[in-house]
K.L.:
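Provided herewith is a single structure, encoded as structure tokens, for subsequent inquiry.
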Amino acid sequence: MIKFDTEEALLKFTENIKGRTFKELDKLNLLATKKRDKGILGKIVETGFYRYPLNNDIEADFSELGIELKVSGFERTKTGLLSAKERISLSMIDYHTIIHETYEFSKFLLKNRKLLIIWYEYERGKERGDFKVWDYQLYNMSQDEHVIKNDFHLIQEKIKNGKAHLLSEGDTSYLGACTKGRDGKVRVTQPNAEEPARPRAFCLKNSYMRGILRSINEEQKTEQTTIKTVRDYIYKQIETYIGMTQLEIYEKLTNKQMTGRIPKNIGKMISDQMIGKDNELKQKHDLFNKTTYIIKNVPVDEDYNLLERLTFRNIVQSEFADPWDESDWKKYFEEVTFLLICYEGKGKKNGHRTLKGMKEITFNADDIDSFGKTYEKIRQAIGKKDIALLPYPKTFPYQKLEIAPKGLGGDDAYNTFFDRDRTKTCLMMDKDFVRSKMK
DNA sequence: CTCTGATCATGT
DNA sequence: ACATGATCAGAG
């Protein structure tokens with residue numbers, strides 16, 4: 001077993017792992033003996049490369065240096081970008097003890113302040129032993145401390161309030177509370193409520209990991225700002241306009257009068273200026289770098305009930321080649337947070353609704369499953385070349401996502417569905433469902 | 001009313 | 001020239 005006296009020594013040694021496959025590293029032949037072990041790649045690196053004995057100790061892997069080893073996969077997207085394969089799981093959350101811990105001394109931080117992340121490339125269809133390590137990275141949690149600390153406290157508060165069973169990964173920005181256990185049926189007790197809760201562990205969320213991965217060659221910089229959540233950030237941008245109509249805001253922002261017909265996307269024109277365009281958000285604030293945020297503008301009534309469905313971009317048939325579990329749409333919905341800029345004005349014309357506030361929504365496993373049904377119906381329709389099989393509204397119980405037309409005047413959208421790989425249709429999301437997701 | 005197929009100004 | 005983000009408007 002190798003001891004490292006300094007970080008530099010550890011990193012220098014780790015440099016040699018680049019380019020190695022797990023087969024080459026697997027000195028104890030774990031690939032053959034522990035076929036079903038999900039953590040096997042990590043164990044191979046620990047035992048085969050660093051020559052540590054197998055351990056499940058609470059102490060950090062490189063305890064002298066306070067560094068925990070994590071072996072994590074990435075994929076290359078079609079456009080060549082890197083994307084983290086999974087979230088990184090940290091320590092289990094003990095519902096009974098966490099309520100007495102402070103962040104600074106919590107078990108969570110004790111073990112996870114610094115992570116040595118070994119990045120290997122995951123390739124579908126390839127044997128695990130053939131996956132290759134491409135790079136490594138010493139990640140220091142303090143680089144995003146203010147956000148992570150805030151996330152920690154959000155999770156802790158929920159448990160204190162007897163709501164451990166209501167925890168969800170969507171509650172937080174970077175640090176999540178992800179479910180654990182062999183299947184979805186396992187339950188444990190919680191301190192301040194009778195309700196049993198699913199066991200959970202802290203994790204660094206997938207979208208955050210992607211941000212970490214892409215920053216691999218960038219200098220670490222520490223945030224100075226006091227803004228802790230995207231919610232805070234957006235709210236600061238829109239605050240001064242609350243109560244004004246869309247037209248008033250547009251005119252104030254652009255110093256131009258809106259003449260002629262009011263564009264249907266006036267809300268987006270405003271939010272592009274007030275907050276930034278979706279693909280500019282990354283540059284506006286580091287928070288946007290590590291999670292996918294999409295801003296949507298929606299009309300609501302006085303109780304925030306949506307007046308319209310959420311619409312998405314035009315779909316193309318080739319997007320539906322992969323089964324749901326491997327699809328880009330699934331990844332998108334798992335990862336994305338929608339920021340809904342709400343304009344109140346039931347019965348009012350477009351342009352004359354007033355800015356009311358902002359809501360955030362994310363999707364849980366049930367939602368994702370339901371979206372999958374919609375997705376698979378589109379695949380069936382494509383496979384059988386039968387538009388009758390498309391997921392029109394209300395084609396199955398509790399449907400949350402539906403297909404809808406989206407074209408120019410005169411398009412007979414559904415009937416041109418198979419014409420070429422460009423459809424005049426899109427997905428729309430049920431408004432009552434969206435309302436139920438707002439916090 | 002609400003639902004759902006149809007439509008449009010703008011951005012790229 | 002067409003997709004996007006969103007609303008419109010007729011049907012029921």
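All values derive from a computational prediction rather than experimental measurement. Each chain gets a letter, A, B and so on, in the order its sequence line appears, and its residues count up from 1.
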K.L.:
Provide the start and end nucleotides, 5' to 3', of the part of DNA chain B that has atoms under 4.0 Å from heavy atoms of chain A.
P.N.:
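Range of nucleotides within reach of chain A: B:dT2 to B:dT12.
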K.L.:
Rounded to whole Å, please give me the gap between CG in A:Asp272 and C1' in C:dA6.
P.N.:
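These atoms are roughly 13 Å apart.
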K.L.:
With a 4.0 Å cutoff (strictly under), does any side-chain N or O of A:Asn265 reach OP1 or OP2 of C:dT4?
P.N.:
no
K.L.:
Please report the distance, rounded to the nearest Å, between CD1 in A:Ile315 and C1' in C:dG5.
P.N.:
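The answer, rounded to whole Å, is 16 Å.
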K.L.:
Hey, does the Lys NZ or Arg CZ of A:Lys359 hover above the aromatic six-ring of A:Tyr304, less than 6.0 Å from the centre and inside 45° of the axis?
P.N.:
yes
K.L.:
Which value, rounded to the nearest 0.5 Å, describes the distance between A:Asp328 atom CG and A:Phe320 atom CZ?
P.N.:
10.5 Å
K.L.:
What I want to check is whether an N or O donor and acceptor connect the side chain of A:Lys406 with the base of C:dG5 at under 3.5 Å.
P.N.:
yes
K.L.:
Taking atom C1' of C:dA6 as reference, at what distance in whole Å does atom CD1 of A:Ile295 sit?
P.N.:
15 Å
K.L.:
Strictly distance-based, threshold 3.5 Å: is any side-chain N or O of A:Glu280 a donor or acceptor partner for the main-chain N or O of A:Gly276?
P.N.:
no
K.L.:
Heavy atoms under 4.0 Å, any strand shown: does A:Asn314 hit a base, just sugar-phosphate, or nothing?
P.N.:
base
K.L.:
Is the positively charged end of A:Lys377 above the ring of A:Tyr392, judged by distance under 6.0 angstrom from the centroid and angle within 45° of the axis?
P.N.:
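No, A:Lys377 does not sit over the ring of A:Tyr392.
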K.L.:
Can a side chain N or O of A:Lys264 be found less than 4.0 Å away from OP1 or OP2 on C:dT4?
P.N.:
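For A:Lys264, the contact criterion (side-chain N or O under 4.0 Å from OP1 or OP2 of C:dT4) is not met.
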K.L.:
Please tell me which of A:Arg261 and A:Leu408 maps to the more 5' nucleotide of DNA chain C, matching each residue to the nucleotide holding its nearest heavy atom.
P.N.:
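Whichever sits nearer the 5' end wins; that is A:Leu408.
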K.L.:
Distance check needed: C:dT7 P versus A:Ile262 CD1, whole Å only.
P.N.:
12 Å
K.L.:
Regarding A:Pro405, tell me which of base, sugar-phosphate or nothing describes its non-hydrogen contacts under 4.0 Å with the strands shown.
P.N.:
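If one applies the 4.0 Å heavy-atom cut-off, A:Pro405 turns out to touch a base.
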K.L.:
Could you state the atom-to-atom distance from CZ of A:Arg422 to P of C:dT4 in whole Å?
P.N.:
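Distance check: A:Arg422 CZ to C:dT4 P gives 11 Å.
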K.L.:
Is the backbone N or O of A:Gln317 less than 3.5 Å from a side-chain atom of A:Asp421, with the two atoms forming a donor-acceptor pair by type?
P.N.:
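Looks like yes, one N/O pair under 3.5 Å.
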K.L.:
Between A:Thr245 and A:Lys348, does any side-chain donor sit less than 3.5 Å from a side-chain acceptor?
P.N.:
no
K.L.:
Which sits closer to the 5' end of DNA chain C, A:Gly407 or A:Pro299, going by the nucleotide each is nearest to?
P.N.:
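Checking each residue's closest nucleotide, the 5'-ward one belongs to A:Gly407.
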K.L.:
Quickly work out the A:Met429 CE to C:dG5 P distance and round it to whole Å.
P.N.:
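Distance, rounded to whole Å: 13 Å.
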K.L.:
Whole angstrom is fine here: how far is it from NZ in A:Lys348 over to P in C:dC8?
P.N.:
14 Å
K.L.:
Report, as yes or no, whether the 6.0 Å neighbourhood of atom CH2 on A:Trp134 holds more than 12 heavy atoms from other residues, nucleotides or ligands.
P.N.:
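Check fails, neighbour count at 12 or below.
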K.L.:
What integer distance in Å separates A:Gln317:CD from C:dA3:P?
P.N.:
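Going from CD in A:Gln317 over to P in C:dA3 covers 13 Å.
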K.L.:
At less than 4.0 Å, is any side-chain N or O atom of A:Arg309 found next to OP1 or OP2 of C:dT7? Yes or no.
P.N.:
no
